[in-house]
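Because the structure is a prediction, the values reported are computed rather than measured. Labels below follow one simple rule: chain letters A, B, ... track the order of the sequence lines, proteins then strands, and each chain is numbered from 1. For the numbers below, each heavy atom of this structure counts, side chains included, while hydrogens, waters and symmetry mates do not.
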Protein chains: 2
Amino acid sequence: MFADIPTLRWRKSANSCLLNDVSHIVGVRAAQKEQSRRALLDAGLRLLEHQNLSGLGVREVTRAAGLSPAGFYRHFRDLDELGVVLVTESLQSLHLMIRKILAEQGDAEELIDGAIAVIARHVREHRAHIRFLTRERHGGVRRVREAIAAELATFTAETAAALGTQPQSAGWSAEDLRMLAGLYVEHLVATAAAFLEAPDAPPAAARAAERRIAALARDQLRLISLGRRHWPTAPRT
Amino acid sequence: MFADIPTLRWRKSANSCLLNDVSHIVGVRAAQKEQSRRALLDAGLRLLEHQNLSGLGVREVTRAAGLSPAGFYRHFRDLDELGVVLVTESLQSLHLMIRKILAEQGDAEELIDGAIAVIARHVREHRAHIRFLTRERHGGVRRVREAIAAELATFTAETAAALGTQPQSAGWSAEDLRMLAGLYVEHLVATAAAFLEAPDAPPAAARAAERRIAALARDQLRLISLGRRHWPTAPRT
DNA sequence: GATGTCGGCGAACACTTGTTAGCTCAAGCT
DNA sequence: AGCTTGAGCTAACAAGTGTTCGCCGACATC
């Protein structure tokens with residue numbers, strides 16, 4: 001019956017290597033599958049609040065997601081693959097945050113305060129994402145580490161481009177802009193990580209800690225801005 | 001025979017809760033025990049190059065160290081305890097490095113170049129330590145995380161104190177000094193982590209990557225120094 | 001309405017895991 | 001010389017692991 005179209009079947013199975021090429025399925029079926037997939041991803045992210053990706057287990061995730069262990073393999077080849085998806089999702093939300101910061105307008109002080117407020121809010125609303133990224137940035141899974149590093153590099157490039165459009169960047173070389181952008185991105189990540197650790201305390205103390213972190217980050221950004229203002233640019237035109 | 005000194009025996013066993021109070025044992029016996037202990041610690045550190053602390057196993061460590069699984073418990077209550085010891089050892093080596101940097105003398109440029117050289121060398125010679133620290137700084141084990149954070153805080157304080165003795169810090173408040181020191185320490189850690197990722201490449205490319213990282217870090221430190229020079233201090237005397 | 005597709009399930013496989021009990025025997029003490 | 005100590009071993013335990021198989025039954029397609 002199928003003897004005459006084996007190549008077609010092979011192509012299909014090759015397609016399903018992506019394991020979630022849902023485009024050719026329509027309606028209820030696809031929605032149900034997506035729901036299970038989301039349940040797995042959400043359960044994974046939740047478990048990763050107190051664990052490491054390399055210590056996560058298939059059974060653990062499926063248990064938390066309300067699936068049977070075997071069900072996992074209908075969606076992901078292994079846990080690393082789920083990890084990579086979580087990385088892309090977390091980075092996407094971080095990317096939006098960075099764009100929001102870069103899009104703001106105003107003088108230096110306003111920009112700094114705005115950026116810190118955006119970071120604080122993002123950490124509050126996407127705690128799990130930020131936790132996951134800081135935890136796995138130097139974690140044990142190579143593919144995940146590389147994915148995060150690559151994306152942070154593009155964030156740096158994007159930031160450098162945005163800095164380049166500002167009037168105070170006149171005369172700056174592309175290389176120096178990247179250098180400065182790297183400093184900003186690194187500081188952003190560190191600040192986000194600091195905000196993350198704050199609320200391991202009673203709410204009142206947590207608020208105070210958050211304010212302290214914000215004040216510290218603000219001064220540090222001010223100092224960097226100062227250095228930027230006095231950076232010796234290439235021979236003026 | 002011992003019925004009249006039970007408290008003494010209890011005190012001894014309470015003492016051995018520290019599990020490595022070797023002081024009351026002398027000679028060969030203690031040396032042998034210490035050798036096994038070191039084997040366990042070294043094996044653990046080696047395994048942690050490609051793994052996370054939360055994913056490490058007792059059997060795995062003892063296998064790598066050449067002991068039986070049960071032997072592990074003669075030295076550590078559980079893996080977290082081994083982790084804490086590794087943390088203190090790694091931080092100790094890092095502490096020496098920081099002291100070395102702070103002890104150097106010269107003008108700003110020399111200090112920056114010297115610091116980067118010291119970092120690069122330290123990463124080359126204590127790769128496992130640095131890898132472990134960056135990996136577990138935001139890792140899944142709370143106690144380890146807190147130990148690292150606490151020690152980094154003292155490094156910051158120490159750096160602030162050292163900065164305070166420099167003439168260019170005249171008029172700086174203690175708070176601002178800590179702020180600046182925090183920036184330096186954070187940058188130091190980030191630079192060390194960057195050096196760490198470099199040699200995942202053929203030696204020639206690795207050398208080039210290392211030089212690129214060093215140049216980048218140097219410029220960033222220069223910019224921070226510039227900001228420091230122009231930081232508005234409290235009303236001059 | 002028949003037929004094929006495929007997400008989810010239970011069961012089973014062959015491991016690995018942490019931890020304990022009880023033993024041996026070299027080292028140290030009296 | 002005897003006696004105690006304790007590091008390290010083997011063996012065993014129960015519990016957990018990743019992964020595959022074959023099946024069911026709701027969905028989709030013709």
Rounding to an integer number of Å, can you tell me how far [X] [atom1] sits from [N] [atom2]?
| X | N | atom1 | atom2 | result |
| --- | --- | --- | --- | --- |
| B:F76 | D:dG8 | CZ | P | 11 Å |
| B:E34 | D:dG8 | CD | C1' | 16 Å |
| B:R63 | D:dC9 | CZ | P | 14 Å |
| A:D78 | D:dT19 | CG | C1' | 12 Å |
| A:L82 | D:dT19 | CG | C1' | 17 Å |
| B:L40 | D:dA7 | CG | P | 12 Å |
| B:F72 | C:dT20 | CZ | P | 12 Å |
| B:E81 | C:dG18 | CD | C1' | 16 Å |

Using a cut-off of strictly less than 4.0 Å, decide whether [X] has a side-chain nitrogen or oxygen near OP1 or OP2 of [N].
| X | N | answer |
| --- | --- | --- |
| B:Y73 | C:dT20 | no |
| B:R37 | D:dG8 | no |
| A:Q32 | D:dC27 | yes |

Nearest-nucleotide comparison on DNA chain C, the residue closer to the 5′ end among A:R59 and A:G66: A:G66

Interatomic spacing from CG in A:L86 to OG1 in A:T88 - rounded to 0.5 Å: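 Answer for the CG-OG1 pair, A:L86 versus A:T88, is 7.5 Å.
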
No-hydrogen, no-angle side-chain donor-acceptor test under 3.5 Å, B:H138 and A:E136: no

A:Q220-A:H187 side chain donor-acceptor pair, cut-off 3.5 Å: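 Looking only at side-chain atoms, A:H187 and A:Q220 do form a donor-acceptor pair, the distance falling under 3.5 Å.
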
Earlier contact from the 5' end, DNA chain D, for A:E60 and A:A70: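 Nearer the 5' end of the strand: A:E60.
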
Given DNA chain D, 5'-ward residue of the pair B:L67 and A:G57, judged by closest heavy atom: B:L67

Quick check for you: among [options], whose closest atom lies nearest to any side-chain atom of [X]?
| X | options | answer |
| --- | --- | --- |
| A:R74 | C:dG22, C:dG7, D:dT17 | C:dG7 |
| B:K33 | D:dA7, D:dT20, D:dG8 | D:dA7 |
| B:L79 | C:dG18, C:dC9, D:dG8 | C:dG18 |

Pairing of B:R142 and A:E49 as salt bridge, 4.0 angstrom limit: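 Not counted as a salt bridge, because no side-chain N and carboxylate O are separated by less than 4.0 Å.
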
Parallel, tilted or perpendicular, as decided by the 30° and 60° cut-offs, for the rings of A:F76 and A:F72: tilted

base_contact_polar (D:dG6 base, B:R29 side chain, donor-acceptor, <3.5 Å):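 Check passes, donor-acceptor contact within cut-off.
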
